[in-house]
Amino acid sequence: MYADLAFVGGRALVRGAVRDVSVAVKGERIAEVGDIAVLIGPRTRVVELGHRLLIPAFHDAHAHPVWGGLESLRCNLSGLPDLPAYRDAIVRYARGLPEGAWLTGAGWSMSVFPGGTPKAAQLDEACPDRPALLHNGDHHGAWVNSAALAIAGIDASTPDPVDGRIERDPDGTPTGTLHEGAVTLVTRHLPGSTAAEYEAGLRAGQAHMHALGVAGWQDAILGAYGGYEDASPAYRALAASGELTARVCGALWWDRALGASQIESLVARRASVGTFSTPMVKIMLDGVCENFTAAMSSPYLCGRGSGLSFVDFAELPSYVEALAHNGFGVHFHAIGDAAVRAALDAVERCPSGVSAQIAHLQVVRPDDVPRFAKLGVTANIQALWAHHEPQLDELALPFLGEERARWLYPFGDLARTGAPLAAGSDWPVSTADPWQAIHVAVNRSYAGGRVLLPEQRLDLATALTAYTEGSARANGWRDTGIIAPGMLADLAVLDRDPFAGPDDEIRLTQVAQTYVGGRLVFERA
């Protein structure tokens, strides 16, 4: 029986090693790896690799592609360099809006503004005649204008919510930056989006991911969060129509205000339609270092306390046990060392065992690193963040101190102690391009910048395996992520062999073709 698809005349990454082999695909699965000449027939599509490399397609273990797609259709400030560029983009976008409509979008960088906190007056200059809300790049805060503050009734007398903070002038007047749960004081006044808008966002997000060699992902928040609505209906609709070509593992959002009472509703929301399923629950334990909301075991060096715990850490083990009892895996957001420890403690105390992964891992105490391997907890890394850049150097490191600065993103130590590694982008928080993240994982710097903790580097094969096989396992898929007979033909053809070039050029690698189950879903022109 002849193959439907064959990759010949080059090399492939087979279980972490580059080999001179050919690969044959029949239907949606890999039929043979090695000498496949007898499988090539008159109707076999033959892809000549030449200097290019065939690898397993990427699987992103932590992303928000519907948000990314929506933001590409809204006021998108991602990648812009400064406040004048933000202002120009906002003015251009506002011109196309109906009179009185909200201006929404995202992508501004905290490092552009002193202290990481933009002012309402700055947004008023660009958008004076309508309410505006723009999430920052990490989605842990928002920039709002005076009209939005007025609609929400936020003034000097408005108390901070328990899970957030209103940035204020010395007299208590809100300045225009809202952190964490304070964002909801405004987003509750946003007009609702239509199903068509969310489906368009998913289509745009999927196309972008496929263009970067990503065959599947874990959507790390399915539920109402930060002004976004639950994207589950969009996934179900596109899965039912056959438009969802990606494999999607959904993580249902744990509402931090409800506790264990929500578990019944999570069970009721569980779905499996085509390539979309929701086997995970996402619990966000803390915030981020830059706004002093990441949960630390000792105070920040600025008099802002030790951060926030978005759930009761004492109750967390009972939540995890109840979720495991109902067949859910758990995906934790943990930035600060206290949050990382609370997640590990909860898994350790779960008598029945639970499939668990901890994402972000910015500050990890050294004595907690070996616990990942011991407990079988997946370290879900966002490697692109592990380098010196303004937001880290100016808004985090000065307030962490020398000791905690040595605990940042301990990827090398996690790998050496045997922790299961998975990788994700957190797009649109940062780029969805795996090669940018892999570059930083290997170099611990970007484009020749200063190296951050060189002992925490990963080798290229380990980093690439985390982003393919490791993430596939984290997403619950055992029959993809490697090139071997019988596995799903989720494959990517690269424009070069990054193993053959210097490490400081890894980020230049691009994807030429992406296949999901043997189906071509992207080809670079």
Side-chain angles (χ1 to χ4, degrees), residues 67 70-71 74-75 77 83 86-87 90-91 93-94 97-110 112-193 221 223-229 253 255-258 284 286-288 290-294 302-305 307-310 395:
W67 298 0
L70 285 170
E71 289 174 13
R74 294 176 178 173
C75 187
L77 305 182
L83 180 57
Y86 291 167
R87 186 181 298 114
I90 292 165
V91 169
Y93 184 79
L97 292 174
E99 184 176 352
W102 280 72
L103 184 146
T104 59
W108 56 270
S109 173
M110 294 179 73
V112 166
F113 301 96
T117 56
K119 307 291 187 182
Q122 294 168 310
L123 188 49
D124 291 344
E125 292 177 10
C127 185
D129 56 352
R130 66 179 72 248
L133 180 143
L134 295 163
H135 291 278
N136 73 3
D138 63 23
H139 287 252
H140 286 269
W143 178 20
V144 295
N145 67 356
S146 298
L149 289 170
I151 288 171
I154 300 174
D155 56 26
S157 66
T158 305
D160 288 343
V162 294
D163 61 347
R165 188 175 78 249
I166 302 167
E167 201 70 32
R168 304 173 189 269
D169 286 328
D171 65 358
T173 301
T175 64
T177 299
L178 306 175
H179 300 291
E180 305 293 346
V183 177
T184 62
L185 299 175
V186 173
T187 59
R188 66 180 56 153
H189 298 279
L190 288 171
S193 298
I221 294 181
Y225 174 81
Y228 293 94
E229 299 162 27
W253 175 244
D255 189 325
R256 50 207 187 206
L258 297 180
M284 185 178 286
D286 64 344
V288 293
E290 293 82 0
N291 64 13
F292 316 112
T293 58
C302 61
R304 293 287 191 105
L308 297 177
S309 304
F310 291 154
L395 300 177

So which heavy atom on [X] is nearest to which on [Y], and how close?
| X | Y | result |
| --- | --- | --- |
| Ile166 | Pro159 | CD1-O, 3.9 Å |
| Pro161 | Gly181 | CG-C, 3.9 Å |
| Gly116 | Trp108 | O-CZ3, 3.9 Å |

side-chain hydrogen bond (donor to acceptor under 3.5 Å, both in side chains) partners of [X], counting only residues at least two apart:
| X | answer |
| --- | --- |
| Glu290 | none |
| Thr177 | none |
| Ser309 | none |

Under the ring pair (Phe, Tyr, Trp, His ring centres under 6.0 Å) rule, collect the residues that match up with [X], sequence neighbours excluded.
| X | answer |
| --- | --- |
| His140 | His333 |
| Tyr86 | none |
| Phe310 | none |
| Trp253 | Tyr225 |

Quiz item: Below 4.5 Å, heavy atoms only, C-beta onward: do Glu167 and Asn291 meet side chain to side chain?
Solution: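 The answer is no; the side chains never approach within 4.5 Å.
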Quiz item: Can you find a heavy atom in the side chain of Ile154 that is under 4.5 Å from one in the side chain of Val144?
Solution: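 No, too far: nothing below the 4.5 Å cut-off.
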Self-check item: Plane angle bin for Tyr228 and His139 - parallel if under 30°, tilted between 30 and 60°, otherwise perpendicular
Solution: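 Correct class here is tilted.
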Quiz prompt | Qualifying residues under side-chain contact (heavy atoms from CB on, under 4.5 Å), relative to Thr104, sequence neighbours excluded | solution =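 Here the qualifying residues are Arg74, Trp102, Leu190.
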Quiz prompt | side-chain contact (heavy atoms from CB on, under 4.5 Å) partners for Thr173, two or more places apart | solution =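 Residues passing side-chain contact (heavy atoms from CB on, under 4.5 Å) with Thr173: Asp169, Asp171.
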Quiz item: Does the Glu229 side chain pair with the main chain of Ser193, one donor and one acceptor, at a distance under 3.5 Å?
Solution: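 Side chain of Glu229 to backbone of Ser193: a pair is present.
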Hey, could you give me the [atom1]/[atom2] distance between [X] and [Y], rounded to the nearest 0.5 Å?
| X | Y | atom1 | atom2 | result |
| --- | --- | --- | --- | --- |
| Glu180 | Arg165 | CD | CZ | 9.0 Å |
| His189 | Ile151 | NE2 | CD1 | 8.0 Å |
| Met110 | Asp138 | CE | CG | 6.5 Å |
| Ile90 | Leu83 | CD1 | CG | 8.0 Å |
| Phe113 | Trp143 | CZ | CH2 | 4.0 Å |
| Leu308 | Met284 | CG | CE | 12.0 Å |

Quiz item: Picking from Asn145, Leu133, Leu134, Leu123, what satisfies side-chain contact (heavy atoms from CB on, under 4.5 Å) with Leu103?
Solution: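 Answer after filtering Asn145, Leu133, Leu134, Leu123: Leu134.
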Practice problem: List for me each residue that meets salt bridge (Lys or Arg N to Asp or Glu O under 4.0 Å) alongside Asp163, sequence neighbours excluded, and say none if there are none. | Solution: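 Here the qualifying residues are Arg256.
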Practice problem: Kindly state each residue pair satisfying side chain to side chain donor-acceptor pair (under 3.5 Å) with at least one member in residues 150-162, sequence neighbours excluded. | Solution: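 As it turns out, the side chain to side chain donor-acceptor pair (under 3.5 Å) pairs with a partner in residues 150-162, which skip direct neighbours, are Asp155-Ser157, Asp155-Thr158, Asp160-Arg168.
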Quiz prompt | CA sep, side-chain torsions, deciding dist, call: Thr293, Asp286, side-chain contact (heavy atoms from CB on, under 4.5 Å) | solution = CA-CA 6 Å; Thr293 58; Asp286 64 344; over 6 Å; no
Quiz item: Restricting to pairs with a member in residues 113-130, which pass salt bridge (charged side-chain N to carboxylate O under 4.0 Å, His left out), not counting sequence neighbours?
Solution: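 Matches after skipping sequence neighbours: Arg87-Glu125.
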